[in-house]
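Bear in mind that the values here come from a model prediction, so they are computed numbers and not experimental data. Chain A is the first sequence line, chain B the second, and so forth, proteins listed ahead of strands; every chain is numbered from 1.
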There are 2 protein chains.
Amino acid sequence: MAVPPDSDAPPARGKRPKQGEPVVDRALSLLAVFSDRRRALTLSELARHADMPAPTALRLIARLVAWGALERLDDGRYVVGVRLWEVASLSPRGHGVREIALPYLEDLFEVTRHHVLLAVRDNEQAVLIERLSGKDATEVAYRVGGRAPLRTTAIGLVLLAGADQQFQETMLRKPPELEPGVAVMPEGQVRRTLSDVRRTGIAMIRRTLPSTTVSVASPVFDAQGTVVAALSIVVPDGATPPNVLAPAVRAAARAVSRNLGYKAEASADVRTHSEG
Amino acid sequence: MAVPPDSDAPPARGKRPKQGEPVVDRALSLLAVFSDRRRALTLSELARHADMPAPTALRLIARLVAWGALERLDDGRYVVGVRLWEVASLSPRGHGVREIALPYLEDLFEVTRHHVLLAVRDNEQAVLIERLSGKDATEVAYRVGGRAPLRTTAIGLVLLAGADQQFQETMLRKPPELEPGVAVMPEGQVRRTLSDVRRTGIAMIRRTLPSTTVSVASPVFDAQGTVVAALSIVVPDGATPPNVLAPAVRAAARAVSRNLGYKAEASADVRTHSEG
DNA sequence: AGGGAGCTTTCATTGGTTGGAATAGTATTG
DNA sequence: CAATACTATTCCAACCAATGAAAGCTCCCT
């Protein structure tokens with residue numbers, strides 16, 4: 001009603017003020033809206049967060065639901081579907097390593113009864129692939145499918161130490177991530193630590209939040225000798241001394257590596273002298 | 001050279017003989033090409049199986065790779081990416097139940113040292129969400145992320161018994177899936193079995209392939225009393241008698257249900273008299 | 001009953017999508 | 001070493017699927 005009578009404007013139907021993104025990207029951006037905190041979303045929430053008009057979102061969502069990437073709940077909200085999970089389970093660096101590592105993680109868990117973690121690197125972060133925790137274990141910072149920084153976690157340091165030289169330099173040049181409850185290492189110390197990790201096959205980090213814990217991590221190698229994952233254990237500070245845990249963690253990591261086709265060198269040091 | 005000289009055909013550029021499928025569907029169909037046996041694929045393999053020209057496939061794949069749904073290996077092949085796995089880990093019926101159930105699965109596994117399975121129903125099949133197996137356990141038919149029939153597995157029967165009446169009828173009217181190593185039940189027996197499963201909270205199936213095993217499964221309920229998952233144990237035939245395992249399996253399933261907000265009724269029977 | 005918010009359908013317009021053809025790269029064969 | 005076969009990538013003109021404002025719907029709250 002508030003619309004002024006036609007001055008001379010054409011029907012104005014079908015006008016597309018803003019657009020220009022490939023459809024696939026838009027569909028994927030809908031998936032990207034889901035997060036730990038947002039597991040069930042309404043159409044308007046999805047449209048808002050993916051920054052697109054409701055009809056467009058609805059059309060794309062309809063296709064995603066038809067395929068099974070999303071599922072619709074009784075209350076009309078959408079959640080990530082089992083079909084997507086099914087395809088994702090074929091991810092070599094996701095379920096792939098997990099499948100191979102799980103029995104060894106279980107052994108480690110059973111012996112120690114503390115959190116056991118498995119993670120891979122994706123870009124500038126570690127992605128948690130698996131976590132075994134007792135029903136009554138200490139609080140832990142990260143969940144499976146979540147991301148953790150590289151420089152302030154034991155698992156992250158192992159992955160960083162195993163990354164290619166160029167990537168390491170890039171990361172070291174960046175300002176360090178500020179992680180509550182973890183001491184920030186100056187660049188020099190990080191370099192020394194990374195070198196130690198490569199030599200000993202062990203990284204340790206102490207953190208005070210969300211609870212005071214010590215993490216001990218060790219690298220997992222593939223057949224080519226590349227670090228493809230990291231395995232770690234998280235214990236409450238003051239419990240078993242870390243140096244007692246280290247051999248167990250390293251043994252588990254090596255067992256997984258062997259299963260990935262890695263031929264272990266004679267000594268602990270994989271490469272006696274670091275890169276050129 | 002074998003091409004006959006221009007008769008009178010126009011440039012024929014941009015002609016599109018066959019098409020008409022939404023772009024999103026095409027992109028998703030590329031993801032669907034991946035399977036247990038096909039975890040790393042070349043461009044042409046993807047294009048062939050998804051039934052689309054190579055340039056089209058390449059363009060779509062490029063978007064999927066940019067987002068992280070796919071990753072490219074050094075040899076040029078594509079695999080499912082960690083980013084997709086990450087989003088999929090938010091699937092309530094995938095990692096969701098898993099996360100809640102895992103500690104109880106572990107308990108059950110530790111006590112029995114046999115395969116422990118967790119599955120949900122997706123349409124006409126069960127999707128395996130989790131499987132705990134010792135390093136040296138019996139051979140088992142299904143892998144995590146894989147699908148199993150409803151009528152010929154213990155886990156499937158539990159899920160079928162918990163489905164809505166209409167769906168059950170549809171499934172019962174279908175010709176039974178032929179599963180090697182499993183006896184085929186006539187329709188009447190299936191009906192009786194499903195009723196028993198609802199009453200006792202236990203389903204059992206014996207199979208002879210890939211090895212002779214007995215499976216014992218029990219339903220997991222959500223807060224609304226709906227069967228959302230099934231939990232089972234697979235033991236070599238002749239080992240622990242199944243009736244000894246049943247209480248342990250049921251207890252574990254109930255523990256998971258309780259964690260999902262299910263308020264257990266006084267007796268084993270959830271609803272004393274079946275639907276009206 | 002009225003107002004607001006979210007969901008869904010419609011439809012004229014158009015720009016992203018399309019795939020044959022050409023080119024480049026790679027492996028296999030005679 | 002040329003010839004063959006296959007795969008990957010770039011190019012681009014034609015065109016159809018995608019687009020989003022508008023309006024109708026349904027529900028909920030007041």
Side-chain angles (χ1 to χ4, degrees), chain A residues 1-30 33 38 40-67 70-79, chain B residues 1-30 33 38 40-67 70-79:
Chain A
M1 305 103 194
V3 175
D6 56 331
S7 47
D8 65 328
R13 268 287 188 121
K15 192 188 53 172
R16 227 172 332 179
K18 173 242 155 176
Q19 142 242 93
E21 211 184 355
V23 203
V24 180
D25 287 10
R26 293 178 157 217
L28 292 172
S29 77
L30 282 169
V33 173
R38 307 180 185 285
L41 296 161
T42 64
L43 169 62
S44 41
E45 284 171 330
L46 277 162
R48 202 166 24 251
H49 287 111
D51 191 33
M52 60 179 83
T56 302
L58 181 64
R59 193 166 1 94
L60 296 177
I61 289 171
R63 304 251 60 83
L64 293 171
V65 169
W67 188 78
L70 297 182
E71 290 173 8
R72 189 159 201 193
L73 301 179
D74 294 335
D75 62 10
R77 289 183 304 167
Y78 299 93
V79 295
Chain B
M1 304 119 181
V3 175
D6 56 330
S7 45
D8 64 330
R13 266 290 187 119
K15 193 188 54 170
R16 224 174 333 179
K18 173 242 153 177
Q19 144 243 93
E21 211 185 355
V23 202
V24 180
D25 286 12
R26 296 180 155 215
L28 292 172
S29 78
L30 283 169
V33 173
R38 307 177 186 287
L41 297 161
T42 64
L43 169 63
S44 41
E45 284 170 331
L46 277 163
R48 203 167 23 254
H49 289 110
D51 190 35
M52 60 179 84
T56 302
L58 182 64
R59 193 164 3 94
L60 297 177
I61 289 171
R63 304 248 63 81
L64 294 170
V65 169
W67 188 78
L70 297 181
E71 290 173 8
R72 189 159 202 193
L73 301 179
D74 294 335
D75 62 10
R77 290 183 304 166
Y78 298 93
V79 294

Counting only heavy atoms and a strict 4.0 angstrom limit, can you tell me which residues of residues 55-65 of chain A come near DNA chain D?
A/P55, A/T56, A/R59
Quick one, A/P22 and B/R59 - any side-chain contact, counting heavy atoms below 4.5 Å?
no
Hey, which of these two, A/G76 or A/V23, hits DNA chain C nearer its 5' end, going by closest nucleotide?
A/G76
Stepwise, does the side chain to side chain contact (heavy atoms under 4.5 Å, CB included) test hold for A/R77 with A/T42?
CA-CA 4 Å; A/R77 289 183 304 167; A/T42 64; 3.5 Å; yes
Spacing of A/L73 atom CG relative to C/dC7 atom P, expressed in whole Å
13 Å
Interatomic distance, A/R26 CZ vs C/dG15 P [rounded to whole Å]:
13 Å
Output, in order, the C-alpha distance, side-chain angles, deciding distance and verdict of side chain to side chain contact (heavy atoms under 4.5 Å, CB included) for A/M52 and A/L30.
CA-CA 9 Å; A/M52 60 179 83; A/L30 282 169; 4.0 Å; yes
So how far is it from A/H49 NE2 to A/R38 CZ, rounded to the nearest 0.5 Å?
3.5 Å
Whole-Å gap separating P (D/dT9) and CE (B/M52)
16 Å
Give me, pair by pair, the N or O atoms of the protein and of nucleotides 4-7 of chain D that are less than 3.5 Å apart, along with how far apart they are.
unit_1 : atom_1 : unit_2 : atom_2 : d
D/dT7  : O5'    : B/S44  : OG     : 3.4

Can you tell me how far apart CG (A/D51) and CD (A/E21) are? Round to the nearest 0.5 Å.
8.5 Å
Are any of the side-chain heavy atoms of B/L60 and B/R63 separated by less than 4.5 Å?
no
A/E21 CD to C/dG16 P, in whole Å, measures 11 Å
When you look at A/L58 and A/L46, which way does the side chain to side chain contact (heavy atoms under 4.5 Å, CB included) test go after all the steps?
CA-CA 9 Å; A/L58 181 64; A/L46 277 162; over 6 Å; no
Let me confirm one number: the CH2-CG distance from B/W67 to A/L28, rounded to the nearest 0.5 Å.
5.5 Å
Taking CG from A/D25 and C1' from D/dA18, how many angstroms apart are they, rounded to a whole number?
14 Å
